[in-house]
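Here is how names work: the chains are called A, B, and so on, in the same order as the sequence lines, proteins then strands, and each is numbered from 1.
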Protein chains: 2
Amino acid sequence: MKEYKVLEIKQSVFSSNDREAERLRGELKEKGVFLLNLMSSPGSGKTTTLKRTIAALKDELRIGVMEADIDSEVDAKAISETGVKAIQLHTGGMCHLDADMTRQGLEGLDTGDVDLAILENVGNLVCPAEFDTGASKNAMILSVPEGHDKPLKYPLMFSIVDVVLINKMDVLPYFDFDLEKCREYVHMRNPKAQVIPICAKTGEGMEDWYQWLRDQVKNWKEN
Amino acid sequence: MKEYKVLEIKQSVFSSNDREAERLRGELKEKGVFLLNLMSSPGSGKTTTLKRTIAALKDELRIGVMEADIDSEVDAKAISETGVKAIQLHTGGMCHLDADMTRQGLEGLDTGDVDLAILENVGNLVCPAEFDTGASKNAMILSVPEGHDKPLKYPLMFSIVDVVLINKMDVLPYFDFDLEKCREYVHMRNPKAQVIPICAKTGEGMEDWYQWLRDQVKNWKEN
């Protein structure tokens with residue numbers, strides 16, 4: 001039997017996504033649910049990063065994961081195998097999730113017993129950046145093979161994120177990726193963004209990421 | 001002095017993109033200009049592949065390149081250094097190009113003396129697949145670090161392309177990428193798509209790609 005649901009998301013009817021996003025954020029705050037919106041290009045390692053993060057934090061936080069994809073169930077299957085609550089969201093061809101679509105996902109997931117809800121957004125550096133999902137914080141992954149120039153080409157994405165994980169640090173020797181230049185470009189777009197180099201496969205740097213996440217969830221619940 | 005122009009693309013006013021795309025394709029056919037629409041995720045190696053392709057083919061074909069990005073000029077600069085005509089298109093935040101935007105780009109490029117015009121589309125596996133640009137053929141690059149499951153998650157993109165280049169084959173030993181599975185998934189979406197493994201950095205497999213491109217341009221001009 002499948003350990004996760006598949007939900008076909010409906011298109012939103014609300015005229016102001018920003019208002020819907022603020023409303024959702026307020027409700028989540030009241031319920032003590034921290035919502036992380038995780039974005040990246042296709043294949044940057046979102047699911048692998050999540051699997052390792054769940055294994056490290058599932059004894060201290062109650063976690064629920066929404067996997068958004070245009071099609072397939074491979075990610076929800078992978079996440080459900082970690083033992084946490086997972087739901088697959090199908091966006092019906094849409095390239096992003098807005099606040100109302102995220103709300104449908106949260107209802108499908110049922111966050112009554114969740115401290116940390118994670119939305120793995122559609123793999124795309126453009127459109128997801130344009131829609132506030134109502135998340136408490138925005139995170140993104142840039143992987144070494146993609147190159148350090150991405151903040152130059154996808155300005156909006158880098159300007160709206162609170163933390164940038166630089167993933168696949170294990171293959172740094174095989175690519176022309178300049179970590180310091182990358183940091184500089186990220187901060188050009190967004191001086192406040194945290195930059196954390198990691199390798200979700202080997203575990204390198206992951207403790208810094210866990211600590212960032214722990215701090216954010218704690219702040220959200222207490223302040 | 002810059003060797004390329006930067007063009008700020010305007011939003012289209014046409015109601016039917018499909019009709020505009022067919023009209024553009026017809027005009028290009030008449031003029032003997034083959035238009036290749038090259039798509040991929042961010043950082044898959046579109047520009048590196050183009051640079052090597054231009055070096056190999058510029059003595060037999062007159063090439064012009066349109067580099068579409070939301071921001072930055074790094075790609076047009078890189079292409080103009082190869083000695084062919086290049087133009088940077090800025091999409092004004094848009095995640096794709098449609099036929100009218102492509103037409104603006106072609107006019108900016110001036111294709112009077114061009115056999116092969118190449119549009120490097122915005123790095124995105126979702127939206128560019130939804131808009132016919134009027135191209136003669138659609139090509140895409142999937143790079144090894146992105147993973148072989150991408151045809152499962154981005155069905156439309158894989159269903160509309162004529163050729164899939166599997167790039168960064170040099171790093172295959174460092175990633176869990178199954179080339180045969182990838183081929184199988186691509187053909188599940190699109191039985192007619194050619195799959196050509198390449199490495200734009202080392203040149204591996206590039207001759208097959210050049211031959212595909214030569215054949216297409218020849219067919220376009222003759223039939």
Side-chain angles (χ1 to χ4, degrees), chain A residues 40-48 67-75 77-78 88 90-91 93-96 120-130 142-159 167-168 170-177 185 188-189 201, chain B residues 40-48 67-75 77-78 88 90-91 93-96 120-130 142-159 167-168 170-177 185 188-189 201:
Chain A
S40 83
S41 294
S44 301
K46 291 189 291 301
T47 311
T48 308
E67 291 289 336
D69 276 300
I70 289 168
D71 203 353
S72 99
E73 301 173 15
V74 290
D75 289 345
K77 186 168 179 298
Q88 180 75 51
H90 281 169
T91 63
M94 297 262 281
C95 51
H96 67 274
E120 186 181 323
N121 216 313
V122 180
N124 182 334
L125 288 193
V126 186
C127 320
E130 294 170 16
L142 174 66
S143 65
V144 164
E146 294 171 67
H148 57 255
D149 62 349
K150 291 301 157 293
L152 301 179
K153 296 184 177 176
Y154 303 91
L156 186 62
M157 174 59 77
F158 287 87
S159 72
N167 192 24
K168 307 192 187 176
D170 60 327
V171 295
L172 195 63
Y174 313 113
F175 290 92
D176 305 320
F177 185 95
Y185 293 156
M188 196 176 95
R189 295 300 183 197
K201 205 163 146 190
Chain B
S40 83
S41 294
S44 301
K46 289 189 292 302
T47 311
T48 308
E67 290 289 335
D69 276 301
I70 289 168
D71 203 354
S72 100
E73 301 173 16
V74 292
D75 288 346
K77 187 168 179 299
Q88 180 74 51
H90 281 169
T91 63
M94 297 261 282
C95 50
H96 67 274
E120 185 182 323
N121 216 313
V122 180
N124 182 334
L125 287 192
V126 186
C127 320
E130 294 169 17
L142 173 67
S143 65
V144 164
E146 294 170 67
H148 57 255
D149 62 350
K150 291 300 157 294
L152 301 180
K153 295 185 177 177
Y154 303 92
L156 186 61
M157 174 60 75
F158 287 86
S159 72
N167 192 24
K168 306 191 188 177
D170 60 326
V171 296
L172 194 64
Y174 313 113
F175 290 92
D176 305 321
F177 186 94
Y185 293 157
M188 196 176 94
R189 295 300 183 196
K201 206 163 145 189

Select one option (side chain, backbone, both, neither) describing which atoms of B/Lys153 are under 4.5 Å from chain A's heavy atoms.
-> both
Without swapping roles, check the side chain of B/Tyr154 against the backbone of A/Gly123 for a donor-acceptor pair under 3.5 Å.
-> yes
Does the side-chain contact (heavy atoms from CB on, under 4.5 Å) test come out yes or no for A/Val122 and B/Val126, once each step is laid out?
-> CA-CA 9 Å; A/Val122 180; B/Val126 186; 4.1 Å; yes
Does any heavy atom of chain A fall under 4.5 Å from the side chain of B/Asp149, the backbone, both, or neither of them?
-> side chain
Evaluate the criterion side-chain contact (heavy atoms from CB on, under 4.5 Å) for residue pair A/Asp170 and B/Tyr174; output intermediate values, then yes/no.
-> CA-CA 9 Å; A/Asp170 60 327; B/Tyr174 313 113; over 6 Å; no
Kindly determine whether B/Cys127 and A/Asn124 satisfy side-chain contact (heavy atoms from CB on, under 4.5 Å), including the steps that lead there.
-> CA-CA 9 Å; B/Cys127 320; A/Asn124 182 334; 4.2 Å; yes
Is there a side-chain contact between A/Lys201 and B/Asp176, using heavy atoms and a 4.5 Å cut-off?
-> yes
Looking at side-chain heavy atoms only, is the closest gap between A/Leu156 and B/Ile70 below 4.5 Å?
-> no
Rounded to the nearest 0.5 Å, what separation is found between the OG atom of A/Ser143 and the CD atom of B/Glu146?
-> 8.0 Å
Chain A heavy atoms under 4.5 Å from B/Leu152: which part of the residue, side chain, backbone, both or neither?
-> both
A/Pro155 versus chain B, heavy atoms under 4.5 Å apart: side chain, backbone, both or neither?
-> side chain
Chain A heavy atoms under 4.5 Å from B/Pro42: which part of the residue, side chain, backbone, both or neither?
-> both
